[in-house]
Amino acid sequence: MKAAGKEVTIVMIEDDEGHARLIEKNVRRAGVNNDIVPFTNGNAALDYILGPDRSGDVSQGRYLLILLDLNLPDMSGIDILEKVKSNQHTKRLPVVILTTTDDEREIQRCYDLGANVYITKPVEYDSFANAIRQLGLFFSVMQIP
């Protein structure tokens, strides 16, 4: 997966180790070999995406795709989405919500804040693995600005 001829880095923000392994395994099975930088909490992920000063300058010229769980130990994924989409340097980064939350108001809020895709994690393993494989296929043809 490339953008403007450069490799895209996948930033995975997921606190459940099992889900993180499953996501990576099935993205790889779909033929996506981009670097995946995993985070288990929001603050560390925001340090990487926006920098410790939260200016976003660190992401100028970087091509990132964010996989975001909404239920994190230190902050809500909604807060992360708001910060990423309100920053001039990161507002165009694609954000894919991957979460167990299927509340319609929360889904709408994520789209209103700029989420590109919202995927509810199936609780059943095979369905989840299949959904992630399909996401990997989506990544293989996706264009990132």
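What's counted below: heavy atoms across the whole structure, side chains too, no hydrogens, waters or symmetry copies.
- Checking side-chain atoms of Thr9 against main-chain N and O of Asp35 turns up no donor-acceptor pair under 3.5 Å.
- Side chain of Tyr118 to backbone of Glu106: no donor-acceptor contact under 3.5 angstrom is found.
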Are Arg54 and Asp47 close enough, and set up right, to give a side-chain contact (heavy atoms from CB on, under 4.5 Å), and what steps lead you there?
CA-CA 7 Å; Arg54 301 294 195 259; Asp47 283 349; 2.3 Å; yes

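- With values rounded to the nearest 0.5 angstrom, Gln88 atom CD is found 12.0 Å from Ser59 atom OG.
- Put simply, the residue from Val11, Ile36, Val96, Leu93 that forms a side-chain contact (heavy atoms from CB on, under 4.5 Å) with Leu65 is Val96.
- Taken to the nearest 0.5 Å, the CG atom of Leu67 stands 6.5 Å off from the CD1 atom of Ile23.
- Annotation: Gln60, atom CD; neighbour count of heavy atoms from other residues, nucleotides and ligands within 6.0 Å is above 12.
- With rounding to the nearest 0.5 Å, the separation of CZ in Phe39 from CD1 in Ile49 is 7.0 Å.
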Walk me through whether Ile66 and Thr90 qualify under side-chain contact (heavy atoms from CB on, under 4.5 Å).
CA-CA 11 Å; Ile66 301 169; Thr90 59; over 6 Å; no

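- Using a 4.5 Å heavy-atom cutoff, the side chains of Lys25 and Arg29 are in contact.
- At least one side-chain heavy atom of Leu70 sits less than 4.5 Å from a side-chain heavy atom of Cys110.
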Report the C-alpha separation of Ile97 and Leu68 in whole Å, then their side-chain angles, then the decisive distance to 0.1 Å, and conclude whether the side-chain contact (heavy atoms from CB on, under 4.5 Å) test is met.
CA-CA 5 Å; Ile97 306 294; Leu68 177 60; 3.8 Å; yes

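- Nearest heavy-atom pair across Pro73 and Asn41 is CG-CB, 4.3 Å.
- Taking CG from Asp16 and CG from Asn71, the interatomic distance works out to 10.5 Å, rounded to the nearest 0.5 Å.
- In this structure, Asp74 contributes its side chain and Asn43 its backbone to a donor-acceptor pair below 3.5 Å.
- Note on Leu50: it does not cluster hydrophobically with Val58, by side-chain heavy-atom contacts below 4.5 Å among ILVMFWY residues.
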Using side-chain contact (heavy atoms from CB on, under 4.5 Å), reason through Leu113 and Lys85 one step at a time and then give a plain yes or no.
CA-CA 7 Å; Leu113 290 171; Lys85 291 298 186 173; 5.5 Å; no

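- Note that CG of Asn26 and CZ of Arg28 are 11.5 Å apart. Values are rounded to the nearest 0.5 Å.
- Minimum heavy-atom separation, Ile80 to Gly42: CD1-CA, 3.5 Å.
- Looking only at side-chain heavy atoms (C-beta outward), Ile13 and Asp69 stay at 4.5 Å or farther from each other.
- Panel note: side chain Asn34, backbone Ile10; no donor-acceptor pair is recorded below 3.5 Å.
- Using a 4.5 Å heavy-atom cutoff, the side chains of Arg21 and Glu14 are not in contact.
- In the model, Thr40 has no side-chain atom that pairs as donor or acceptor with a side-chain atom of Asp15 under 3.5 Å.
- Taken from CG in Asp103 to CZ in Arg105, the straight-line distance is 4.5 Å, to the nearest 0.5 Å.
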